Structures are given as C-alpha cells and as structure tokens.
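All values reported here derive from a predicted model rather than from experimental measurement. All values below come from the heavy atoms of this structure, side chains included, with hydrogens, waters and symmetry mates left out. Position 1 is the first residue of the sequence, and the numbers go up from there.
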Amino acid sequence: MLDELLATAALVGTAGVVYVAAAARVVKQYERGVVLRLGRLRGGIRPPGFTMIIPGVDRLRKVNMQIVTMPVPAQDGITRDNVTVRVDAVIYFKVVDAADAVIQVEDYRFAVSQMAQTSLRSIIGKSDLDDLLSNREKLNQGLELMIDSPAMGWGVQIDRVEIKDVSLPETMKRSMARQAEADRERRARIINADAELQASKKLAEAAGVMSEQPAALQLRLLQTVVAVAAEKNSTLVLPFPVELLRFLERAQAQPGAPTVEQIPTRPRPDQHKDDEFVLDEPKGDKFSREEAEDEFPLDNPGASPLLGPD
C-alpha cells in the first residue's frame, strides 16, 4: 500500500513538473506578452518577468517594444519640376500598444516598410528638386506625418524619419555645377565693382585734398617711386607731371629770385664778349675778365676760361 502511494506521489510530482515546465514563460524587460486563449485575446498584457499560461489552451506572443531602425529602399521618382531623382531614407519607430500590434495588423514591420516607401514616392512627386536638396527638415516632418497617421491604428509610433541621400543624373549634376559656377562668378563681379566704386570715392576725396596742397601730390609720387623701386626686376618710368612745373614756377616767382625769363644763357662763340662771362649755373651770375682770371688762373693768358684759346 505504501509503495502504491509513493508511486502515485512520484507520478503526480512528475506531472506537476512537466506542467510547470510547459506553462512557464519568461518575458524580457524590453518585451510585452500578449496571451491568446483559444484564439481570443486574453485581457491584460503580461509584464516582464516570469509568467504562466495554460499549455495547449493559451498562446503567448512576445512583442518587442524597442525602437526599430528600418532602412527604406531607394525610390525612383519625378519631382514637381520634372527632374528624375532616386531617394532613400531611414525610419525609426516603436510599438506602443502590443495588443494592437498583434491583432490589428498581420506583420507591423512589413506594413510600416510598405507605408514608408509609398509615402516617400508621394513626397518626391510633391516637392521640387531644391526642396529635396536644401529643405530636408520640412520634408522629413511631412513624411513622418504621412506614415504616422495609419501606423497609430497598428499600435506603432513613428519616432523619426530621415532622408539619407538624393541621387541625381550625371547631366543634372553638370548643369547644377555650371549654375553654381556662374552664380559665384556673378557675385565676384559684383564685389569687384563695389570695390572699384568705393575706391573711386576715396580717390576723389584724396584728389580734393591734394588739390589744396600741391606738395602732397609730389610726396605721393615719391612714395609710388619707392614702392616700385623695391622690385629690382622692373623698369621704372618716372612721369614728370605738369603740376611739378607749376610748383617750381611759383617757387621761383618769390621776391628776390630771378624768373625763368631772367636767367641768361651761355653765349655762343660768335656772341662772346670780352668783358663778361657767364657761369654755367642756374642763377646766371655775371663776372668780369679780371675776376675770372683770379678765379681760374690759366697758363695761357690768351685763352678764355670757358671758351678755350681764341
């Protein structure tokens, strides 16, 4: 009798262990459990940790609640300004309602992927090429709204959508490169013209100042000569401005100074006078023969100091 009781107890214990092993489930921290009992949704989502189900009656489906990163395959499309482009993107989403993700859609990952591709093609057709290249933030927000609206019914929340790359035909790339080059050349010409305008205004002001002081023009000329002379491999051509002549004319016109008309010249041999000679100097000082002989003693008394022997 005792042996039968022990055998029955051992059988019951073994059956209990088998039942516990078959009914025991472990839900991870980043997962949630959805129980379907005889095909019907069992109320309540199983939290992370150890849980039990009825073997053969209940079916536990685990749903990952982590953020999923899914690349969107590149889509070919024509923009609103009739340019053929190829655009790919990446989408970030997560499940917020495990029951809806299991009941409302067969495969929420596949559904989100297809919706993202369709929305991306729609965005390409509604946008211009310039928007795809420079205004991606606005396009990302629009794409996120287009995917998030149906995904909310699946228990899925779209966290973020990013357009990764926009591929253009080679002909379009060359055209854009020429356009950018022309635009930069236009801006360079405008900057040069503006610089010339400012420089001309400053030169006009400087000319006004120099007109009041003629000596300033000569100082500026000397500064230019010094700057050019620093390069030893260049030939310097020094202009002789008319203003310099006028400056010298005014300087000579001072009281007590002889003018240009008053400066005597060297007499020719046929016009030589015996009583006076003219020194080869700017002032044209005159002196007598006796003063010349005292100043320039000659071995030949019959020779003239400047004209030689008679």
Would you find a donor on one side and an acceptor on the other, under 3.5 Å apart, between the side chain of [X] and the backbone of [Y]?
| X | Y | answer |
| --- | --- | --- |
| T118 | Q114 | yes |
| R59 | G56 | no |
| D148 | E144 | no |
| S127 | D131 | no |
| D81 | D128 | no |
| R136 | L132 | yes |
| S134 | D130 | yes |
| N140 | I163 | yes |
| S200 | L197 | yes |

Would you say [atom1] of [X] has more than 12 non-hydrogen atoms from neighbouring residues, nucleotides or ligands within 6.0 angstrom?
| X | atom1 | value |
| --- | --- | --- |
| Q179 | CD | no |
| F50 | CZ | yes |
| E181 | CD | no |
| R189 | CZ | no |
| R121 | CZ | yes |

Task: Short side-chain donor-acceptor distance under 3.5 Å, R46 and T51 - done: yes
- [ ] For N192 and E196, test the side chains for any donor-to-acceptor distance below 3.5 angstrom and give the result as yes or no.
- [x] no
Would you check if [X] and [Y] make a side-chain contact, meaning some heavy-atom pair closer than 4.5 Å?
| X | Y | result |
| --- | --- | --- |
| K28 | P48 | no |
| Y30 | M65 | no |
| V68 | Y92 | no |
| T171 | R174 | yes |
| V87 | Q75 | no |
| V72 | V90 | no |
| R40 | L38 | no |
| R32 | P47 | no |

Treat each ILVMFWY residue as a node, draw an edge where side-chain heavy atoms are under 4.5 Å apart, and state whether [X] and [Y] are in one component.
| X | Y | result |
| --- | --- | --- |
| V112 | L145 | no |
| V102 | I53 | no |
| L60 | L36 | no |
| V57 | M52 | no |
| L41 | W154 | yes |

Open item on the list: Between E162 and K164, does any side-chain N to carboxylate O distance fall below 4.0 Å?
Closed with: no
Task: Sidechain N-carboxylate O distance under 4.0 Å for E205, K201 - done: no
- [ ] For the pair I124 and I78, evaluate side-chain contact (heavy atoms from CB on, under 4.5 Å) and give the outcome as yes or no after the intermediate values.
- [x] CA-CA 7 Å; I124 294 174; I78 300 177; over 6 Å; no
Task: Closest non-hydrogen atom pair, A99 against I45 - done: CB-CD1, 4.0 Å
TODO: Apply side-chain contact (heavy atoms from CB on, under 4.5 Å) to D194 and Q198, showing your working.
DONE: CA-CA 6 Å; D194 187 46; Q198 295 180 9; 3.2 Å; yes
Open item on the list: Quick one, M176 with L168, criterion side-chain contact (heavy atoms from CB on, under 4.5 Å). Give me CA distance, side-chain angles, the key distance, then yes/no.
Closed with: CA-CA 10 Å; M176 293 178 65; L168 299 175; 3.5 Å; yes
- [ ] Go through the steps for M172 and L129 under the test side-chain contact (heavy atoms from CB on, under 4.5 Å), then give the verdict.
- [x] CA-CA 11 Å; M172 180 57 64; L129 179 61; 4.2 Å; yes
